Each structure stands twice: as C-alpha cells, then as structure tokens.
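Heavy atoms only: backbone and side chains are in, while hydrogens, waters and symmetry mates are out. From a predicted model like this one, the values you see are computed outputs, not experimental measurements.
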Amino acid sequence: MLIANVSPRTGGKTTNSGWLAHALQEVEEDVTGFDADHSQQFHSWSITGEFTFPVRPAATAKFHTDIALPAGKINIVDCGHTENHPDITNSVLRVADLVILHMSPTKADFDRIIDPPDKTKIGDIIAMSAALREDRTPPPAWVLLNRTISGASSTGLYRDMMEDEGWNVLTTVIPRTEALGQSVSYPVTGASKGPFGQLVTELKQRGLLK
C-alpha cells in the first residue's frame with residue numbers, strides 16, 4: 001500500500017513521515033520510503049540517520065508511471081508542498097491508498113488548507129484525483145494534527161473546525177517536542193512507543209492499513 005503524506009506548506013511532514021515509517025517497521029511491517037519532495041530531506045535523513053529501510057528519491061510529476069512500488073510493503077511517500085509542487089502531489093494521489101494531511105492547529109495552517117492564497121485547495125486536489133484513478137474514487141484522506149501543545153485549547157478547536165469543513169481528523173496528535181524537532185540529524189529509536197505507535201494502532205483500528 002502507499003501512504004501519501006501531504007501538506008500545503010512546511011508542517012513537520014518529513015519528520016512525521018520518518019517517524020511513522022520507523023514505527024511501522026518496529027511493529028514488523030515491511031517499509032519502503034519515497035522522497036517526492038525536491039528538497040530531498042527525507043532521503044538525506046535516511047543516510048545520516050542510518051535508516052534500516054530504503055528511502056528512494058522520487059520527486060517527479062510522473063510518479064504514478066515512473067516509480068515501481070515494491071509489492072507487499074507499506075510505501076511511505078513524503079510529498080512536496082502542494083503550494084509549490086501540485087503536479088507531484090497529483091501524480092502520487094493517482095496511486096495512493098491513504099492520504100495523511102499534516103497540519104498544526106494554527107490559523108495559518110487552517111487558512112492554507114481551507115482558503116489558500118492561490119485558491120488551490122488541497123481538498124479539491126484530492127477530490128479531483130478520482131477522475132485519474134482506476135477505481136474512480138479519491139483515496140481516503142485524514143488530518144493529523146501536528147506540533148500540538150499539551151493542554152492547549154487550540155488542538156480541540158482546530159479539530160472541530162476541520163471536522164466542520166468535512167475532513168476526517170485522527171484522534172492521535174503529534175506533540176511539539178525538542179526530540180522530534182531535532183530528529184532529522186540522528187537515528188530514530190523507539191518510534192513505536194510514543195505517539196507514532198499510537199498512530200499506527202489507530203490506523204489499523206480504522207482499517208486504513210491494508
């Protein structure tokens with residue numbers, strides 16, 4: 001299966017992609033990563049962090065035709081920002097089995113999703129991908145609230161606001177911590193013991209992992 005990690009702009013998406021991939025592997029899932037962002041941070045991190053699974057460069061608007069997805073694996077794709085590279089996201093969505101939209105519970109991130117400056121809503125991009133998919137239906141899409149602060153009212157506020165806009169929102173949240181913020185410079189360990197382990201459990205309970 002293919003999990004597309006997306007966001008309109010910077011939102012901790014690469015960090016989340018890496019930690020989610022590690023959490024899945026730690027519970028004995030077979031994982032491959034794909035870096036579909038021109039920054040190639042996910043791929044670089046896999047080298048400096050000595051990942052035990054491959055992360056392959058894949059920043060191409062022909063992802064759906066040029067990238068051979070390994071069978072029997074959970075393929076984690078870190079997409080480029082949709083505001084800058086919608087063509088890459090469009091291509092990934094043509095073959096995605098699950099979309100995770102990463103957002104911080106802030107007005108800036110909410111506006112970038114609901115009323116972006118260029119008027120290209122990521123929700124519309126996901127919906128329109130249906131016409132290009134074999135089953136003619138868009139992939140399931142769920143919001144993951146990221147960089148949350150413990151006890152802050154903003155988490156519940158923006159959860160409600162996103163649900164009011166028609167989005168599915170995961171119960172699991174990813175907190176703002178120094179360890180996560182600095183993790184792109186060192187190996188990841190114990191990913192399945194914290195919030196990313198909870199995320200894997202929730203994805204399985206909701207039937208979102210094939």
Give a yes or no on whether [X] and [Y] share a hydrophobic cluster (residues Ile, Leu, Val, Met, Phe, Trp, Tyr; joining criterion: side-chain heavy atoms under 4.5 Å apart).
{"X": "I67", "Y": "V95", "result": "yes"}
{"X": "L2", "Y": "L209", "result": "no"}
{"X": "V99", "Y": "V169", "result": "yes"}
{"X": "I100", "Y": "I76", "result": "yes"}
{"X": "V31", "Y": "M1", "result": "yes"}

Under a 3.5 Å threshold, yes or no: a donor from one side chain and an acceptor from the other, between [X] and [Y]?
{"X": "S17", "Y": "N5", "answer": "yes"}
{"X": "H102", "Y": "N16", "answer": "yes"}
{"X": "Q198", "Y": "T172", "answer": "no"}
{"X": "T14", "Y": "W45", "answer": "no"}

Just so I know, are the side chains of [X] and [Y] near enough to count as touching, which here means a heavy-atom distance under 4.5 Å?
{"X": "F34", "Y": "D78", "value": "no"}
{"X": "M162", "Y": "I113", "value": "yes"}
{"X": "I174", "Y": "R147", "value": "no"}
{"X": "Y158", "Y": "T148", "value": "no"}
{"X": "M103", "Y": "L145", "value": "yes"}
{"X": "T82", "Y": "T120", "value": "no"}
{"X": "V77", "Y": "V6", "value": "no"}
{"X": "P139", "Y": "R133", "value": "yes"}

Once rounded to the nearest 0.5 Å, what's the spacing between atom [atom1] of [X] and atom [atom2] of [Y]?
{"X": "R94", "Y": "L132", "atom1": "CZ", "atom2": "CG", "value": "4.5 Å"}
{"X": "K13", "Y": "S7", "atom1": "NZ", "atom2": "OG", "value": "4.5 Å"}
{"X": "E83", "Y": "D118", "atom1": "CD", "atom2": "CG", "value": "6.0 Å"}
{"X": "N84", "Y": "T89", "atom1": "CG", "atom2": "OG1", "value": "10.0 Å"}
{"X": "F42", "Y": "C79", "atom1": "CZ", "atom2": "SG", "value": "11.0 Å"}
{"X": "H81", "Y": "I88", "atom1": "NE2", "atom2": "CD1", "value": "11.0 Å"}

Given 3.5 Å as the limit, does a donor-acceptor pair link the side chain of [X] with the main chain of [Y], or not?
{"X": "E202", "Y": "T171", "answer": "yes"}
{"X": "N90", "Y": "P86", "answer": "yes"}
{"X": "D35", "Y": "H43", "answer": "yes"}
{"X": "Q40", "Y": "D37", "answer": "yes"}
{"X": "E29", "Y": "K73", "answer": "no"}

Does this structure show an ion pair linking K121 with E165, if we count only N-O contacts that are shorter than 4.0 Å? no
Using every non-hydrogen atom in the two residues, find where [X] and [Y] come nearest and quote the distance to one decimal.
{"X": "F63", "Y": "S91", "answer": "N-OG, 2.8 Å"}
{"X": "A21", "Y": "F53", "answer": "CB-CZ, 3.5 Å"}
{"X": "N75", "Y": "P70", "answer": "OD1-CD, 3.2 Å"}
{"X": "S183", "Y": "L180", "answer": "OG-O, 2.8 Å"}
{"X": "S104", "Y": "D109", "answer": "N-OD2, 2.7 Å"}
{"X": "P195", "Y": "P175", "answer": "CG-CD, 3.8 Å"}

From the options L199, L203, I74, select the one residue that forms a side-chain contact (heavy atoms from CB on, under 4.5 Å) with L24. I74
Begin from the C-alpha positions of H22 and F51 and carry the test side-chain contact (heavy atoms from CB on, under 4.5 Å) through to its verdict. CA-CA 8 Å; H22 278 86; F51 287 12; 3.4 Å; yes
Show, in sequence, the C-alpha distance, side-chain angles and deciding distance for V143 and N168, and conclude whether the side-chain contact (heavy atoms from CB on, under 4.5 Å) test is met. CA-CA 6 Å; V143 174; N168 299 312; over 6 Å; no
Step through the shown structure and confirm whether more than 12 heavy atoms of other residues, nucleotides or ligands are within 6.0 Å of CZ on R176. no
